[in-house]
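Okay, structure first, notes after.
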Amino acid sequence: MWVKGRIPCSSAELNIDIVLQCGQSFRWKRDLINKSWQGVFSNKLWILKQGSSEISYEVLSSDAECHQTKVEKEQICNEELVDYFQFNVPLVPLYDAWSQADEKFKKLALRYQGVRMLRQDPVENVFSFICSSNNNIQRISSMVEHLCSSYGKQIAVYNGQKVYSFPELSSLMDESVERNLRTLGFGYRAKYIQKAAEIIEQRGGRSWLVNLRNVPYVEAKASLVSIPGIGEKVADCICLMSLDKTCAIPVDTHVFQIAKTYLPALAEKKSVTHRIYSEISIFFQELYGPYAGWAHTVLFSADLRHLKDPPEKAPKRGKNQQNNTVQKRKKNTRI
DNA sequence: GGCTTACCTTTCGG
DNA sequence: ACCGAAAGGTAAG
């Protein structure tokens with residue numbers, strides 16, 4: 001059954017259009033007609049819509065909770081949404097502090113308001129980001145969709161489309177997983193996924209992973225990088241996006257380029273070695289403080305091609321230049 | 001130890 | 001439209 005609700009929220013506290021497509025979660029689909037978003041978390045299908053001073057939602061609540069009263073369901077859904085978007089963390093004061101610390105940030109702050117960190121499920125986060133290595137957002141999204149439709153359970157049919165939960169660890173451990181994922185185009189990541197599931201299960205499964213939330217950042221990161229397919233960057237993504245490590249700075253190729261604008265000495269460096277990685281991480285942590293990872297995501301989002309403003313002076317549809325772009329933009333178009 | 005190179009495949013961009 | 005290069009890297013050499 002559908003449960004509806006709303007949460008007061010200004011556009012400075014959340015910009016849903018950026019947050020749901022800036023590469024944190026790969027499971028959200030935009031509905032341009034209704035100006036809404038659909039996606040899955042907490043094993044439920046959510047339809048979200050941002051108004052000028054609120055987020056309204058409709059959620060398909062699971063059968064397992066059918067004994068609850070309507071009021072109880074509404075309260076649980078509210079809590080789940082607040083937890084997922086971390087609305088208990090006020091973003092505006094953080095933006096103020098980051099703007100004060102950094103002129104470059106200040107210039108982006110108005111255009112990129114409301115970019116906050118989601119608090120994702122650690123299992124989904126781990127396997128999504130194993131897929132992310134040497135890869136682009138579009139392909140990652142399709143791989144995550146494959147994981148769900150092959151190994152998740154169907155939780156709804158919406159607009160004629162089957163909707164799946166993210167798979168349990170135990171579903172990804174089987175020997176057959178690597179072979180199957182290879183046929184689905186996962187490439188060398190297929191083996192990592194199967195092995196990672198195995199090792200996480202050995203260490204205590206989902207609850208072991210979730211408990212890394214209660215472990216210091218350095219220790220949690222060390223645990224993660226010992227899992228196949230997880231290197232330093234992916235470990236930091238997981239720390240930041242699902243393990244409450246707000247200071248973690250994932251240094252990818254984008255952040256490397258951004259860092260060069262702060263640290264000119266980096267210009268001559270060809271690639272991100274561990275040494276450089278650490279240098280860049282520490283620089284941003286000292287610049288922005290304990291929520292440096294959150295600040296980094298604002299810079300990162302502002303740098304993503306599909307989230308940038310179209311060039312001011314460029315003709316909007318006058319040249320053949322746009323003929324390609326029209327198709328390419330179909331999933332990225334802004335309101 | 002720190003720095004290149006191979007790895008799967010898709011998408012990008014000149 | 002084609003084709004080399006890049007894509008939110010990791011692990012092995």
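Order of the sequence lines sets the chain letters (A, B, ...), proteins ahead of strands, with each chain counted from 1.
The aromatic rings of Y288(A) and F284(A) lie parallel to each other, with less than 30° between the two planes, well short of the 60° mark.
Considering only residues two or more places apart in sequence or on other chains, R27(A) meets the salt bridge (Lys or Arg N to Asp or Glu O under 4.0 Å) condition with none of them. Taking the side chain to side chain contact (heavy atoms under 4.5 Å, CB included) definition, one finds that N15(A) meets it with D17(A), I18(A), sequence neighbours left out. Not counting sequence neighbours, the partners of Y84(A) by the ring pair (Phe, Tyr, Trp, His ring centres under 6.0 Å) test are F41(A). Under the ring pair (Phe, Tyr, Trp, His ring centres under 6.0 Å) criterion, F26(A) pairs with F129(A), not counting sequence neighbours.
Y164(A) belongs to no hydrophobic cluster, as no Ile, Leu, Val, Met, Phe, Trp or Tyr side chain comes under 4.5 Å of its own. Alongside V225(A), the hydrophobic cluster contains no other residue (criterion: ILVMFWY side chains under 4.5 Å). Y217(A) shares a hydrophobic cluster with V218(A); the chain of contacts runs through ILVMFWY side chains whose heavy atoms sit under 4.5 Å apart. Taking Ile, Leu, Val, Met, Phe, Trp and Tyr as hydrophobic and joining them when side-chain heavy atoms fall under 4.5 Å apart, one finds V163(A) in a cluster with W2(A), V40(A), L45(A), I47(A), L60(A), I155(A), Y158(A).
Distance, E232(A) CD to dC3(B) P: 12 Å, rounded to whole Å. Rounded to whole Å, the distance from CE on M143(A) to P on dC8(B) is 12 Å. In this structure, I137(A) places its CD1 atom 15 Å from C1' of dG9(C), rounding to the nearest Å. Counting to the nearest Å, the C1' atom of dT10(C) and the CG atom of D252(A) are 14 Å from each other. Across the protein-nucleic acid pair, E145(A) atom CD and dT10(B) atom C1' stand 17 Å apart, rounded to whole Å.
Across all strands shown, L304(A) has no heavy atoms under 4.0 Å from either base or sugar-phosphate atoms. Within the nucleic acid shown, M241(A) comes within 4.0 Å of at least one base atom, counting heavy atoms only.
Rounded to whole Å, the separation between the P atoms of dA1(C) and dT9(B) comes to 26 Å. Separating the P atom of dC12(B) from that of dG9(C) is a span of 15 Å, rounded to the nearest Å. With both ends at atom P, the span from dC7(B) to dC3(C) equals 23 Å, rounded to whole Å.
In DNA chain B, stems built from 3 or more consecutive Watson-Crick or G-U wobble pairs, each with both distances under 3.5 Å, span B:3-7 with C:9-13, B:9-14 with C:2-7.
By the neighbour-count criterion of 12 heavy atoms within 6.0 Å, atom CZ of R6(A) is sparsely surrounded, having that number or fewer from other residues, nucleotides or ligands.
Near DNA chain C, meaning a heavy atom under 4.0 Å away, there are no residues from residues 255-283 of chain A. Within residues 113-135 of chain A, the residues having any heavy atom closer than 4.0 Å to DNA chain C are, in order of number, F129(A), S133(A), N134(A), N135(A). Listed by residue number, Y188(A), Y192(A) are the residues of residues 171-205 of chain A with a heavy-atom contact under 4.0 Å to DNA chain C.
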**Message:** Determine whether K221(A) and E232(A) satisfy the following criterion, salt bridge (charged side-chain N to carboxylate O under 4.0 Å, His left out), listing intermediate values before the conclusion.
**Reply:** CA-CA 8 Å; K221(A) 181 172 173 179; E232(A) 192 168 18; 3.3 Å; yes
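Ring centers of Y192(A) and F186(A): at least 6.0 Å apart, outside the cut-off.
A donor-acceptor pair shorter than 3.5 Å cannot be found between the side chains of Q202(A) and E198(A).
Separating the CG atom in L147(A) from the CG atom in L184(A) is a distance of 8.5 Å, to the nearest 0.5 Å.
Under 3.5 Å, the side chain of R139(A) and the base of dT9(B) form at least one donor-acceptor pair of N or O atoms.
Across the interface with DNA chain C, nearest-nucleotide mapping of P250(A) and I227(A) shows P250(A) to be the residue nearer the 5′ end.
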